Colleague: 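Next up is a structure, given as structure tokens.
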Amino acid sequence: MNLGIRWKVALGTLAAVFVGLAVAGWLVIRSVEQTELSRMAETLETSSGLAAMTLRPLFDQSGSTVPGPLLHATVRDLSQQAHLRITVIRQDGTVVADSAVPTEGLTHVENHLSRPEVAQALRSGRGMDIRASQTTGERTYYVARLLSASTPAQPGISVIRLGLPLTSIDERVRHIQQDLATAFGAAFLLAMTLSLWVSRNLTKPLSEMAAAARQLAGGTPGVRLVVSSTDEVGLLAQTLNQMTDQLETKIKEVSDDRAQLLAMLIAMVEGVMVLDYRGTVVQVNPALERMFSLELTESRGRHYAELIRHEGLTALVSSVLQTRSGQGGEITLSPSGRCLRVEASIAGGSREQEACAVFVFHDITELRRLEKIRKDFVANVSHELRTPLTSIKGYVEALLDGGKDEPATATAFLEIIMRQSNRLNLILDDLLQLSQIESGQVLFRREPVDLRALLERTVAVIKPLADKKHHTIELSLPDEYWVVEGDEERLVQVFINLLENAVKYTPDQGRISMAIRNATHLRTTPPRAMIEIVVADSGIGIPEADRPRVFERFYRVDKARSRELGGTGLGLAIVKHIVEAHSGQVWVEGNTPRGSRFVVHLPVAQESSTAVSTETGSR
């Protein structure tokens, strides 16, 4: 049975009191009985001596008895005076006189030789016994002695036996038991009341401490105990309050440290994975979940191989956990092709869910892409510059070898050298311009630009070039004027470059269109009003695989044809930088049924787009 400490204390105290009272009562009753029996024994001893002295003259020296009536009368008188039962027994056990038995009934009294007190008296001169009388049925104290003073008994000597009923002792003991029961009952009730009061006062603070401990275990803050005493219980309550304060302080420190750690992990762009000695995930941060698309799975508590299946990473993790040493490496994810640099360090944990190794994943995809672009750029620059330089060098050598002596040949060679020099100069100019834009040395003006007038001006510049190839240029403009904020000359450069490319890469008698319409940039918050300008052609088009790279420096879809058409490979890269400098976007799409569509998004100026549309009605 599960009892509280209050009932354990109360019941334990009551049990001790009950046992103590029971033992005390038994000792009191036993002491009273012993005292009364001792007093009764003295009385019987004295009375037996007097009775023997009285009856002894009635017997002659030969041991014969006086006549029965006289003996019976004498025994009855002595019994009445002493308030005792007196019995005279022959040596053979025959009862010759008994104050409790009529004379005529003596013949029916059984032989008393087997009575313990009689047998003792016959052996030693005196005997005693306490038992229930077979004659009267009462518990009786018997004392027997020889009528003669000789010991041992001579033949014919009778025995006198005195019996005193223990009724008075039993009655007295019963009254004492009742008084003790009353007193002990009152004492027990008082002890029970006091024990319950003491146990309540003793266990109430302990119960409050237990309740406070449960609240602390449940995470309830600010639990305090009222200290109302200076004893051990009060000291315990005060100590528990101090422990609570220290625990809350420690929990706050741990929570703050954990919050700071989680904030750092969440804010890190690098992926972090913490493993224990078995390879079980202890912690990961959101960056890692994004890298490996783990957002929909519970990572912690699972083996890393269940979450990330990559042969290179598995080999690296196994090596780190086995050797307990920091290592590093690079892995490439498929099918995305992302490149990750993995750095592993040892934390030293050797138990379950304890940090053993920390892996940091750096996404170096963009770095590798930029390195590749840089390598390609160096290779492309070298190639682009080598081509005209090689041509110039070759024709100069031809002139030196004798070509200068032939005027016609010298003139042709010099014209080629001039064209290659001009091409080389164009490349260097574009490189210098692109470098200045990328480094921020070019300052773009911020002024309202009438986009309708700008596009009309651009088409007018390109139209003579388009007419040479019999192209049709269609310009679709809305009635109202759209205004953007930016550098007008740079925006003219963007659309001239796009139209010039459309003319170059569209066969004769092709169709080129330029349209403008309203658009919305949904990636901004709130969505921003944008103007969309589309330059479409019916030319040779750009394969889908090459479209993402056409804005890279010196990237050519058809290198041989591009050089034939006089392109430097830097025009679209300049276009992209100028558009992005105006907070816009540019990309290329496939045209229907053939050709390309270059789409430019530019933000609308802060003024309303209809602010300058008042001239529409006057035209």
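For clarity, every value in this text was computed on a predicted model and none was experimentally measured.
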Colleague: Using modelled atom types and a 3.5 Å cut-off, is there a donor and acceptor pairing between side-chain atoms of Asn285 and backbone atoms of Glu270?
Modeller: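 Answer holds: yes.
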Colleague: Could you tell me the separation between the CD1 atom of Ile533 and the CG atom of Leu498, rounded to the nearest 0.5 Å?
Modeller: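 Ile533 atom CD1 to Leu498 atom CG measures 10.0 Å (nearest 0.5 Å).
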Colleague: Check whether any side-chain heavy atom of Glu330 sits under 4.5 Å from a side-chain heavy atom of Thr332, and report yes or no.
Modeller: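 Glu330 does not reach Thr332 side chain to side chain.
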Colleague: Tell me whether Glu485 is salt-bridged to Arg446, with the criterion being a basic N under 4.0 Å from an acidic carboxylate O.
Modeller: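 So Glu485 does not pair with Arg446 through a salt bridge.
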Colleague: Donor-acceptor pair, distance only, cut-off 3.5 Å: does the side chain of His303 make one with the backbone of Ala305?
Modeller: yes
Colleague: Got a second to check how far Leu572's CG is from Phe598's CZ, nearest 0.5 Å?
Modeller: 5.0 Å
Colleague: Quick one, Met514 and Ile473 - any side-chain contact, counting heavy atoms below 4.5 Å?
Modeller: no
Colleague: Does Glu544 have more than 12 heavy atoms from other residues, nucleotides or ligands lying within 6.0 Å of its CD?
Modeller: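 At most 12 heavy atoms, drawn from other residues, nucleotides or ligands, come within 6.0 Å of this atom.
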Colleague: Which residue in the set Val604, Ile531, Leu477 passes side-chain contact (heavy atoms from CB on, under 4.5 Å) when paired with Leu451?
Modeller: Ile531
Colleague: Check this for me: Gln242, atom CD, are more than 12 non-hydrogen atoms of other residues, nucleotides or ligands nearer than 6.0 Å?
Modeller: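 Count over threshold, so yes.
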Colleague: Tell me, do Asn591 and Asp537 make a side-chain contact under 4.5 Å, heavy atoms counted?
Modeller: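 No - every pair of side-chain heavy atoms lies 4.5 Å or more apart.
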Colleague: Donor-acceptor pair, His582 side chain versus Asp487 backbone, under 3.5 Å?
Modeller: yes
Colleague: Do Tyr277 and Arg324 have side chains that get closer than 4.5 Å, going by heavy atoms?
Modeller: yes
Colleague: Looking at every non-hydrogen atom in both residues, tell me the closest pair between Ala355 and Ala347 and how far apart they are.
Modeller: O-CB, 3.5 Å
Colleague: Report the distance from atom SG of Cys356 to atom CG of Leu321, rounding to the nearest 0.5 Å.
Modeller: 5.5 Å
Colleague: Where is the tightest heavy-atom contact between Gly541 and Ser596, given as atom of each residue plus distance?
Modeller: CA-OG, 3.4 Å
Colleague: Does the His471 side chain pair with the main chain of Gly510, one donor and one acceptor, at a distance under 3.5 Å?
Modeller: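 Yes; judged by distance alone, with no hydrogens or angles, the pair exists.
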Colleague: Mind listing the closest non-hydrogen atom pair of Val534 and Arg597 along with its distance?
Modeller: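 Of all heavy-atom pairs spanning Val534 and Arg597, the closest is CG1-NH2, 3.4 Å.
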Colleague: Provide the closest heavy-atom pair for Ser319 versus Gln327 in the form atom of the first, atom of the second, distance.
Modeller: OG-NE2, 2.8 Å
Colleague: Met291 vs Asp363, test: side-chain contact (heavy atoms from CB on, under 4.5 Å). Steps then yes/no.
Modeller: CA-CA 8 Å; Met291 287 180 181; Asp363 190 347; 4.2 Å; yes
Colleague: Using side-chain contact (heavy atoms from CB on, under 4.5 Å), reason through Leu491 and Val484 one step at a time and then give a plain yes or no.
Modeller: CA-CA 10 Å; Leu491 292 176; Val484 297; 4.0 Å; yes
Colleague: Taking the side chain as every heavy atom from C-beta outward, state whether Tyr304 and Phe359 have any pair of such atoms under 4.5 Å apart.
Modeller: no
Colleague: Run the salt-bridge test on Arg457 and Glu489 with the 4.0 Å N-O cut-off and return the result as yes or no.
Modeller: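 Between Glu489 and Arg457 there is a salt bridge, with a charged N closer than 4.0 Å to a carboxylate O.
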Colleague: Atom CG in Leu316, atom NE2 in His310: separation rounded to 0.5 Å?
Modeller: 11.0 Å
Colleague: Any side-chain heavy atom of Arg452 sitting closer than 4.5 Å to one from Ile516?
Modeller: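 In short, these two side chains do not touch, never coming nearer than 4.5 Å.
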Colleague: Verify the distance criterion only: is there a donor paired with an acceptor across the side chains of Asp245 and Asn241 at less than 3.5 Å?
Modeller: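 No, Asn241 and Asp245 have no side-chain donor paired with an acceptor closer than 3.5 Å.
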Colleague: Assess whether atom CD of Glu253 is packed by more than 12 heavy atoms of other residues, nucleotides or ligands within 6.0 Å.
Modeller: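 It does: Glu253 CD has more than 12 such atoms within range.
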Colleague: Given side chains that start at C-beta, do those of Ile308 and Met273 come closer than 4.5 Å, heavy atoms only?
Modeller: yes
Colleague: Could you please spell out the steps behind the side-chain contact (heavy atoms from CB on, under 4.5 Å) verdict for Cys339 and Thr365?
Modeller: CA-CA 5 Å; Cys339 185; Thr365 306; 4.2 Å; yes
Colleague: As an exercise, state the distance from OH of Tyr505 to CD1 of Ile542, rounded to the nearest 0.5 Å.
Modeller: 9.0 Å
Colleague: Looking at every non-hydrogen atom in both residues, tell me the closest pair between Ile540 and Pro507 and how far apart they are.
Modeller: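 Distance-wise, the nearest heavy atoms are N-CD, 4.5 Å.
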Colleague: Enter the distance from Lys250:NZ to Met243:CE here, rounded to the nearest 0.5 Å.
Modeller: 13.0 Å
Colleague: Measuring only between side-chain heavy atoms, which start at C-beta, is Leu313 closer than 4.5 Å to Leu340?
Modeller: no
Colleague: Please walk me through it: do Val281 and Leu275 pass side-chain contact (heavy atoms from CB on, under 4.5 Å)?
Modeller: CA-CA 5 Å; Val281 176; Leu275 304 180; 3.8 Å; yes
Colleague: State, to 0.1 Å, how close Lys504 and Lys469 come at their nearest heavy-atom pair, and which atoms those are.
Modeller: O-NZ, 3.3 Å
Colleague: Sequence neighbours left out, cut at 3.5 Å: what donor-acceptor pairs do the side chains of residues 254-267 make with other protein atoms?
Modeller:
| from | atom 1 | to | atom 2 | distance (Å) |
| --- | --- | --- | --- | --- |
| Ser255 | OG | Ile251 | O | 2.7 |
| Asp256 | OD2 | Lys252 | NZ | 3.1 |

Colleague: Okay, side chain of Thr280, backbone of Asp276: is any donor-acceptor separation there less than 3.5 Å?
Modeller: no
Colleague: Tell me whether the count of non-hydrogen atoms from other residues, nucleotides or ligands lying under 6.0 Å of CE in Met418 goes above 12.
Modeller: no
